[in-house]
Amino acid sequence: MFNRICVIGVGLIGGSIARAVRQQGLSKTIVGYGRQEDEQNLQKAKQLGVIDDYYLDIEPAVQDADCVVIATPVGAIESIFTLLKPFWSDQTIYSDVGSTKGSVICAAQRVFGYIPDNLVPAHPIAGAEQSGVDASLADLFVNKRLIITPSIATRPDALNKVRHCWEQIGAIVSVMSAKQHDAVLAATSHLPHILAFALVDLLGHKDEQNEIFKYAAGGFKDFTRIASSDAIMWQDICVANKDEIIPLIQQTREQLDRIQHLLEINDSQQLFETFTYARKARQRFLEQFETTMSKSITFKIQPGGKLQGEVRVPGDKSMSHRSIMLGSLAEGVTHVTGFLEAEDALATLQAFRDMGVQIEGPVNGCVTIHGVGKHGLQAPKNELYLGNSGTSMRLLSGLLAGQPFDSVLTGDKSLSGRPMKRVTEPLAAMGANIKTTEKGTAPLRITGRAGQLNGIDYVMPMASAQVKSCLLLAGMYANGVTRVTEPAPTRDHTERMLNGFAYPVKREGSAATITSEGSLIATDIDVPSDISSAAFFLVGASIAPGSDLLLKHVGINPTRTGIIDILRLMGASIEVLNQREVGGEPVADLHVKYSPLKGIDIPEELVPLAIDEFPVLFVAAAVAEGQTRLTGAEELRVKESDRIQVMADGLQVLGVNAQPTPDGMIIQGGSLGGGVVTSHGDHRVAMSFSIAGLRAQAPITVLDCINVNTSFPEFKDLVKTLGLNLDCEETSDLNDSASH
Ligand code: S3P
């Protein structure tokens with residue numbers, strides 16, 4: 001993207017940008033600039049390989065740079081503009097990372113007399129209490145918000161390049177006015193920092209007389225954590241944004257006066273109402289925050305096309321989760337390759353980092369986990385946020401039930417609506433203490449009961465690998481034997497991987513048995529491609545005339561291959577080639593060619609073995625000849641969306657006769673039209689309707705596709721390379737961003 005980037009100020013943020021740019025290969029050369037007194041820091045940055053070279057003179061630093069990033073505190077930006085002015089070039093894009101934006105634009109106006117059109121002010125909402133290049137991280141901005149505040153002068157091409165660069169680094173980019181940015185940040189970031197600083201200042205002085213900190217409780221720590229942030233930076237920010245901050249301080253003062261008054265007149269009812277309102281408002285903020293985190297993505301698919309070529313789809317999601325969990329609990333260092341770098345698996349990875357596990361990567365699917373041993377997890381400081389991932393939440397609930405610390409598991413809107421009683425009830429029978437909402441949904445509040453869980457002999461009422469795995473993980477911390485019996489075979493990656501880590505799990509018929517006797521020994525894991533991701537191409541190539549595709553290194557664990565069996569029953573041409581075993585899991589290359597499909601009654605015993613593949617199988621059924629009937633699949637109603645209803649609704653929009661039933665669907669195959677459908681935020685629904693485009697007679701628009709990132713971020717690019725005409729449109733709703 002760039003030949004030479006110059007980072008002015010190589011501290012935490014500047015260093016992290018340099019690292020991320022290097023990791024993503026976005027610039028051939030990265031140089032740093034700093035003042036004389038920063039030389040030691042710059043030297044360190046060079047030694048660490050964060051930058052290629054550094055300068056203490058601005059002229060050679062910015063010479064030939066096609067991008068200059070100013071990563072100094074906001075208070076220094078005006079003097080940096082002054083330094084840059086004589087060497088300012090039209091060919092270069094200038095951006096900054098200042099926490100206030102009106103001040104940056106005003107500084108430019110003062111120095112240049114106008115606002116340069118190649119200045120793209122930006123603000124990454126990411127950071128850490130530590131500072132300096134030592135603390136910099138290549139993934140500091142991944143899934144963090146980045147706000148661009150163009151001036152009226154900013155050139156669209158410059159804006160787009162900066163946006164694209166940040167997206168490559170993993171940030172979620174929004175665009176808004178500097179004024180809006182500053183007002184929003186004053187309320188949600190600057191004021192809380194001032195309150196924290198003010199409180200600690202007040203109590204610090206009291207402590208000098210009375211040593212009150214000795215008795216400080218968790219509330220003090222939580223409320224004042226941000227007061228450990230860099231004082232110079234915050235002094236700068238507050239001064240730069242004082243016009244927005246001062247009225248907010250006034251309002252806070254009035255609010256405190258009101259509370260003081262309520263106490264004076266003993267109005268506990270009003271006090272209760274104020275606190276209750278605040279509690280609910282916080283919950284609402286958190287929920288809104290989540291929705292605003294999602295920019296919206298729309299897939300637009302032109303009808304027709306065929307899939308041709310060779311492809312290795314990303315790593316298996318189920319195995320990626322488990323590799324992090326078991327690697328963390330192991331003694332020694334586990335190396336994982338083929339790890340799925342998608343939001344769900346990354347949520348698990350982050351949860352274990354939050355519990356004190358040192359995990360390096362992922363870089364190109366490689367992750368290194370420094371295991372802490374079965375009893376080495378530490379209490380997370382905050383709630384563990386698991387995004388969209390049911391597997392993370394359900395498996396973690398079992399693992400955390402028997403820990404010596406408490407924890408809270410939260411998730412996004414979809415995950416917060418999914419049933420958790422299926423895990424909390426059997427866990428309660430083992431002696432666990434987990435609170436859910438009244439509806440039996442997340443957040444899960446787990447009181448750790450180390451040493452107090454007892455084994456269980458549990459016959460699962462539904463075929464669920466997540467429930468089975470949850471109980472096996474709890475069983476590793478329970479007294480006596482834990483035995484889980486499944487009504488039908490479900491994916492057995494937990495059992496296989498536990499064995500791979502030398503932890504004994506016995507399998508007899510439909511039961512798996514575990515005890516707390518044993519420890520996990522680190523091992524290397526090669527995660528094969530996810531057959532659930534390959535499924536979109538298996539169906540796509542089967543339904544699009546002229547298709548011929550080789551899917552490489554796909555996991556074909558027999559508990560996962562229902563998709564192949566069902567498609568073959570429908571008449572698909574799928575060859576399983578080069579079968580081999582990799583790290584205890586069977587793997588093969590799958591060769592699929594177009595073949596006309598016919599409708600079938602899907603055998604119920606195949607349902608759990610293809611449980612995630614039905615959305616795309618419904619698309620296959622829609623273009624098959626005759627009727628396809630699915631029964632025994634009520635579980636589909638409680639996946640990331642109600643996949644029976646959502647797929648039936650969408651197929652009907654596309655002109656297909658698809659009738660939902662309580663436990664499945666009846667589809668009369670025929671032709672597929674076009675239209676606008678929504679995925680309801682379900683990744684597999686989004687990808688399934690995209691694949692439908694191969695046989696559609698008119699364009700298909702699929703709304704709400706952001707969650708494709710939970711399992712298959714590369715989908716849109718890959719499917720395009722292979723022959724589907726898919727365009728991805730991203731939009732950030734400006735007003736939406738205001739709640740940040
Ligand atoms: C999974 C199990 C299945 C599956 C999910 C992943 C796992 O869920 O749908 O995508 O990794 O254990 P259920 O256990 O709810 O069937």
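First listed ligand is number 1; within each ligand, the first listed atom is number 1. What you see is a predicted model; the values in this text were computed from it and never measured.
Salt-bridge annotation for D612 and K317: absent, with no side-chain N of the basic residue lying under 4.0 Å from a carboxylate O of the acidic one. Salt bridge status for E585 with R560: absent, with no side-chain N to carboxylate O gap under 4.0 Å. Under 4.0 Å is where a charged nitrogen must lie from a carboxylate oxygen, and between E508 and R483 at least one such pair does. Under a 4.0 Å N-O distance rule, the pair R580/D589 qualifies as a salt bridge.
Separation of atoms OG1 (T628) and CG (L597) is listed at 8.5 Å; rounding is to 0.5 Å.
Nearest protein neighbour of atom 14 (O) of ligand 1, counting heavy atoms only, is S464 OG, 2.6 Å. For atom 10 (O) of ligand 1, the closest non-hydrogen atom on the protein side is D612 OD2, 2.7 Å. Of the protein's heavy atoms, R322 NH2, 3.4 Å lies nearest to atom 7 (C) of ligand 1. At the shortest separation from atom 8 (O) of ligand 1 among protein heavy atoms lies K639 NZ, 3.2 Å. Nearest non-hydrogen protein atom to atom 2 (C) of ligand 1 is Q466 CG, 3.6 Å.
Under 4.0 angstrom from ligand 1, there are no non-hydrogen atoms of H321. Here K468 has no heavy atoms under 4.0 Å from ligand 1, in either its backbone or its side chain.
Under the 3.5 Å distance criterion, the side-chain polar atoms of S464 are matched with a main-chain donor or acceptor of V467. Under the 3.5 Å distance criterion, the side-chain polar atoms of S529 are matched with a main-chain donor or acceptor of V313.
Between A465 and ligand 1, at least one N/O pair is under 3.5 Å apart. Remark: ligand 1 and K317 share no N or O pair separated by less than 3.5 Å (distance only, no angle test). For R684, no nitrogen or oxygen atom sits less than 3.5 Å from a nitrogen or oxygen atom of ligand 1, counting backbone and side chain alike. Not one N or O of S469 is nearer than 3.5 Å to an N or O of ligand 1, by distance alone.
Between F614 and F618, the ring-plane angle classifies as tilted under the 30° and 60° cut-offs.
Those atoms of ligand 1 with a heavy atom of T391 less than 4.0 angstrom away are 1 (C), 6 (C), 7 (C), 11 (O). Those atoms of ligand 1 with a heavy atom of I611 less than 4.0 angstrom away are 9 (O). The atoms of ligand 1 that sit less than 4.0 Å from any heavy atom of R394 are 15 (O).
Using a 4.5 Å heavy-atom cutoff, the side chains of S397 and M420 are not in contact.
In this structure, H493 has no heavy atom closer than 4.0 Å to ligand 1.
Taking the ring centre of Y477 as origin, the terminal cationic atom of K374 falls inside the region bounded by 6.0 Å and 45° from the ring axis.
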